[in-house]
Structures are given as structure tokens and as C-alpha cells.
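Data first, discussion second: the structure below is written as C-alpha cells.
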Amino acid sequence: MYHSSAPGKVILSGEHSVVYGHPCLVTAISLRSLASVEVIPEGIIEIISDKLGSQIFNTVEGPSDEGQGLAPIASVARSALEGADAKNGLRIRIESEIPLGAGLGSSASVLVAVASACSNALSLKLTPGDIAELASVGERRAHLKPSGVDVNIALRGGAILFRRGGPLERAEYPKGMKLVLGSSGSPRRTADMVKRVADLAESSRDLFSLSMRAISGITTRMSAALAESDMASVGSLMLLNHLALSLLGVSSESLDKLVNSAISGNALGAKLTGAGGGGCIVAITPPGDEQDVSQWIEGAGGVPFVVSVSAEGMRSWSD
Ligand code: PMV
């Protein structure tokens, strides 16, 4: 059996603007997904997921591939089988600690783990770049125009300043850094939120450009502040970022409420993270104050959880 695991992520600044070529500051988190893959004699792809149930797919694309669910995973497995020119099939088991549709990169972490475990099971000997490309086959099914930020952080871990099509820059962060997350409990589709921003780009060009420039400047400054462990500045920049994202129309009443509650609990800063519209906020606190801020988030109707930034990206092993 071939196993690979990969982390989820939190975007500290640059969601949405990254789709338009601006930088994005993203960290891997201590919640992970695990894929376990075995080659089977039957020419099928069997997927067994702890969160989405089980489904059998053909090794040739067909009507069962409509929609979301497990279909993006099947498309990654199918591309791996094609790459190996294999006539047999794959059984893929998936377990994930990352909540779905919460902006924490669950789909990319699963797809990277699946791409890597399938590649190892089929002896494809892929490079990290090839695994990113294979996982992106599934991401393109799941999202509209994915920037690639989720796949890259799941693969590499730590923190990166990502720019679409550009070289990957490692970002520095304080050792042991913790993040307080607050889930609004409302799922949303990334593709819908990306479309909302694309519509704004058409209808209010000025507002769109202004927000993009603002977010881009915030991201660069936040990366520098993080490298210097200047958490007060990181926090202020997070709040500015939340305002700019609100201008883009991707915040919501419940996300604003959770951001305000974190600040009432003396967080250094907070913002929505990921595509918005629902999903999560992220807050940073002075060291040791994570539980206080979590209680404020809970008081505002959110589900808080504390994660740490994880240096470990994708990991593979077999037994
Ligand atoms: O799917 P999410 O919520 O993690 O959002 C991804 C970030 C976006 O910038 C909104 C989309 C993208 O492809 O980068």
C-alpha cells in the first residue's frame, strides 16, 4: 500500500488577487489529508472517502464524472493510470482532518496526496512539479480558474509568497506560530466567489483595480512584517486586507461578525481566509491568548479551532 499525506492551508493575504497575478502569502497548517492507494486487477477506480462516501469510476471518463464530490479525485487517478499506460485499476482510501468548503485547502491537500500516492503505486517517478500538475487536473475540475496556490502549499509546506506562473518564494515566519480559525459554518463554492469577483471586474473596473492594488501592497508588506516577527503590523495588515476583500464583495455578515469578535477578544488582527462568502476567518493573537480569542469567536456563533503553521509539506511512505 502506498501512502501520502499533505497539509491544508491558510491564506494570510492575497486570496482572489492571486487569480489576477498578484502575490499571495500562504501557510501550511497542522491539519492534514491522507491518501492510501493500491493497484487492483479490475480496470476500475474505487474511491473510499471518510467524508464523501464511496464511489466506483470507470478508467475512461463517463457520466458518473459529472459534478463535484469524488469526481476530481477520479480524474487525477485516471491521468496517473494513463501516464503509466496501465490496464489495471486503483483503490484509493482518503481520510482528512480538514473541514470541507471552509477555505482551508481541503481539496488541494487531498488531490496532492492522491496524485503522489497514485504516482508511487504506479512507479511513475514524478518530480514535485509533475505532482503539482497532476493534482491540478483535479483542481481544475473543482474550481474555476484555480491559481495553483493551494496545490503548491500542500506540496511544499511552511509559508510561501506565491505568484501565478512566477518562481516560488519561501516566506519566513516565527517558529511555533499559531493561528486561531473561526468557522462560520456556512459552506460555499470557491468557483462562485471567484465568479463574483470576475463580475465586479467587468461592472466596476475602478473599484476592482483599486482593491487589487491595495491587496497586493498589503501582501508584500505582510510578508516583510512576518519575516521580522512584527506581529502587531501583521495583525493591522490583516484587518486592512479584510476591508479590501469586503470591497470586492466576498465577505458576509457572519464573517464580519467573527472578525469583530476576534478583535474584541484582543486578537492582533483577523480576516476572512480563502474564497469568502462563508468558510473561515483567521486571527492572530499574542502568544498564549489563543483560547481567549477562541471563546470570543464561539460567543459570536463561530466554531473556533487553533492550528499551528506546519513546516512539513507532502510526505510519502509505503508498507
Ligand atoms: O478554495 P479556497 O477558499 O481556499 O480559495 C482559494 C483562493 C482563491 O484565491 C479565492 C482562488 C484561487 O484559485 O486562488
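Atoms within each ligand, like the ligands themselves, are counted from 1 in listed order. If you're wondering where the values come from, they're calculated on a predicted model, not measured in any experiment.
With a 4.0 Å cut-off on non-hydrogen atoms, R188 touches ligand 1 through its side chain and not its backbone. By the criterion of a heavy-atom distance under 4.0 Å, the side chain of K9, and not its backbone, is placed next to ligand 1.
Assignment of V250 to the shell around ligand 1 is not supported, since no heavy atom sits closer than 4.0 Å. Residue contact annotation: G279 has no non-hydrogen atom under 4.0 Å from ligand 1.
With hydrogens and angles disregarded, no donor-acceptor distance shorter than 3.5 Å links the side chain of S216 to the backbone of R213. A distance-only check finds no donor-acceptor pair linking the side chain of S223 to the backbone of T220 [under 3.5 Å]. Side chain of R164 to main chain of P146: a donor-acceptor pair is present (N/O by atom type, distance under 3.5 Å, no hydrogens or angles). Looking only at distances, no side-chain donor or acceptor of S308 sits under 3.5 Å from a matching main-chain atom of K178. Remark: side-chain polar atoms of R141 are not paired, donor with acceptor, to backbone N or O of I73 under 3.5 angstrom. Side-chain atoms of E290 come within 3.5 Å of backbone N or O of G288 as a donor-acceptor pair. Between the side chain of K51 and the backbone N or O of S96 there is at least one donor-acceptor pair closer than 3.5 Å.
In summary, the atoms of ligand 1 found under 4.0 Å from a heavy atom of G274, numbered by their order in the structure, are 3 (O), 5 (O). Listed by number with element, the atoms of ligand 1 under 4.0 Å from a non-hydrogen atom of V149 are 14 (O). Shown in contact with P146 at under 4.0 Å from a heavy atom are these atoms of ligand 1, numbered in order with element: 13 (O). The D150 neighbourhood of ligand 1 comprises atoms 4 (O), with distances under 4.0 Å to a heavy atom of that residue. For ligand 1, the atoms sitting less than 4.0 Å from at least one non-hydrogen atom of V18 are 9 (O), 14 (O), numbered in the order shown with element in parentheses. Of all atoms in ligand 1, numbered sequentially from 1 with element shown, those under 4.0 Å from a heavy atom of T190 are 1 (O), 2 (P), 3 (O), 5 (O). Near I11, meaning under 4.0 Å from one of its heavy atoms, ligand 1 places the atoms 7 (C). Within the listing of ligand 1, atoms 9 (O) sit less than 4.0 angstrom from a heavy atom of E15.
The shortest N or O to N or O distance between A275 and ligand 1 is below 3.5 Å. Between H16 and ligand 1, an N or O atom pair is found at a separation short of 3.5 Å.
Hydrophobic side-chain contacts under 4.5 Å tie L34 into a cluster, directly or through other members, with W317.
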Let me have the donor-acceptor pairs involving side chains of residues 3-13, under 3.5 Å, with sequence neighbours excluded, atom names and distances please.
| from | atom 1 | to | atom 2 | distance (Å) |
| --- | --- | --- | --- | --- |
| H3 | ND1 | S36 | OG | 2.8 |
| H3 | NE2 | D319 | OD1 | 3.1 |
| H3 | NE2 | D319 | OD2 | 3.0 |
| S4 | OG | S116 | OG | 2.5 |
| S4 | OG | A117 | N | 3.3 |
| S4 | OG | S316 | OG | 3.0 |
| S5 | OG | R32 | NE | 3.1 |
| S5 | OG | R32 | NH2 | 2.9 |
| K9 | NZ | G103 | O | 3.1 |
| K9 | NZ | D150 | OD1 | 3.4 |
| K9 | NZ | D150 | OD2 | 3.2 |
| S13 | OG | T219 | OG1 | 2.8 |
| S13 | OG | N241 | OD1 | 2.9 |

